[in-house]
Amino acid sequence: MWLYRTLDEETDERFGKEPEKRDLEELKKTGIIVLDKHIGPTSHQITSEVKNLLKINKCGHIGTLDPNASGVLPILLERSTRLAPLFFGLDKEYIGIMHLHKDLDENFLNDFVQKNFVGEIIQIPPRKSAVARRPRKRKVYEFEIIEKEGKDVLFRVICQAGFYVRKYVHDIGLKIKAGAHLTELRRISIGIYDETKKFYKKIFKEEDAVTMILINDLVLTERFDELKKIIKPAEYYLDHVKKIFVKDSAIYYLTNGSPLFVSGITRVQENIKKGDIVAIFSLKNELIAFGYATMDAEEMVKEKKGKAVRIDRVFIEKGIYPKLP
């Protein structure tokens, strides 16, 4: 639901453009590719390869996958790397194969995991991890056995960011006194789990992911129209972020380091609270910047003056919107 500060939402078509109207070169500066990473390379190597293929200056990725894992790896292109904080802490969904060292009854195994390894658990990161090896709390929202054949168990798990599935499987094997290790792992989505509604909303999905083989082929054969279709505007992946829409006249000041003042706002999402991270959009649905709310939503539409958002990072380039009266 929206709270309106003004019902006048006219925008000048001479400046800016809707994200879906961007050309290939613009998308290479502001887009995201949902990549289907293959087994073998590191996430960093994949990111470097995309950067070289697209001939861009900067690339980043969301949620590291180790070399022996495959699946969804969103790649941030050029200015989209500035948006990394908007994707920190997103939950992950995986499918994997657990190999038991001793055969167990499927119902017994499932009941044991549901009782001991779903909900808030304590996990110590593995030795090769990039973080300190000390106990920390992590959440497992769902665990499901899809199929069991002998000692091999195909399972699905939805878990909190910073969770190690290989360690999870190893710990299950230890506690159940049978032994277990992970033989295959694939990430199938990145999203947000709503614990109150027991609902998982996917932001980056397996069905939208493309392979490095396809990207390489499209670039080498110069099929640029097809390449454009697989680079999506970053705005498409911000449904989980609270939003504020602003007048054209506010954008020049935002791109030049000004905070967002209430006078520049047209509408805000009603659930914004002071301190929330918020994304600021133009009336053409372009992401302008993001920052931290210094007022609640109700104050933003009622106050006559004051700072509504402290800007953290600007996304849109300077000069796209000039200084307007």
Connected-component partners of I39 among ILVMFWY, side-chain separation under 4.5 Å: none
Suppose the criterion is side-chain hydrogen bond (donor to acceptor under 3.5 Å, both in side chains): which pairs have a residue in residues 208-220, not counting sequence neighbours? D217-R223
Of all residues at least two apart in sequence or in a different chain, which pass the ring-ring contact (aromatic ring centres under 6.0 Å, His included) check with F155? F143
Where at least one partner belongs to residues 298-325, residue pairs that pass salt bridge (charged side-chain N to carboxylate O under 4.0 Å, His left out), sequence neighbours excluded: none
If you link I, L, V, M, F, W and Y whenever their side-chain heavy atoms are under 4.5 Å apart, who else ends up in the same group as I213? none
Not counting sequence neighbours, which residues clear salt bridge (Lys or Arg N to Asp or Glu O under 4.0 Å) with K229? List them please. none
Across all chains, not counting sequence neighbours, the salt bridge (Lys or Arg N to Asp or Glu O under 4.0 Å) partners of E49 are none
Distance-only donor-acceptor pairs under 3.5 Å for side chains of residues 105-113, two or more places apart:
residue	atom	partner	partner atom	Å
D105	OD2	N107	N	3.1
D105	OD2	F108	N	3.0
N110	OD1	Q114	NE2	3.3

Per salt bridge (Lys or Arg N to Asp or Glu O under 4.0 Å), K17 is matched among E235, E26, E286 by E26
Apart from Y193 itself, what residues make up its hydrophobic cluster, given side-chain heavy atom links below 4.5 Å? Y141, I158, Y200
Enumerate the residue pairs fulfilling side-chain hydrogen bond (donor to acceptor under 3.5 Å, both in side chains) with a member in residues 241-262, sequence neighbours excluded, ordered by first and then second residue. T11-D248, K242-D276
Sort and list the pairs that fulfil salt bridge (charged side-chain N to carboxylate O under 4.0 Å, His left out) and have at least one residue in residues 158-167, not counting sequence neighbours. D66-R166, K167-D171
Using the test salt bridge (Lys or Arg N to Asp or Glu O under 4.0 Å), find all partners of K148 that sit at least two apart in sequence or belong to another chain. D103
Ring-face cation contact, F245 with R267, 6.0 Å cut, 45° max: yes
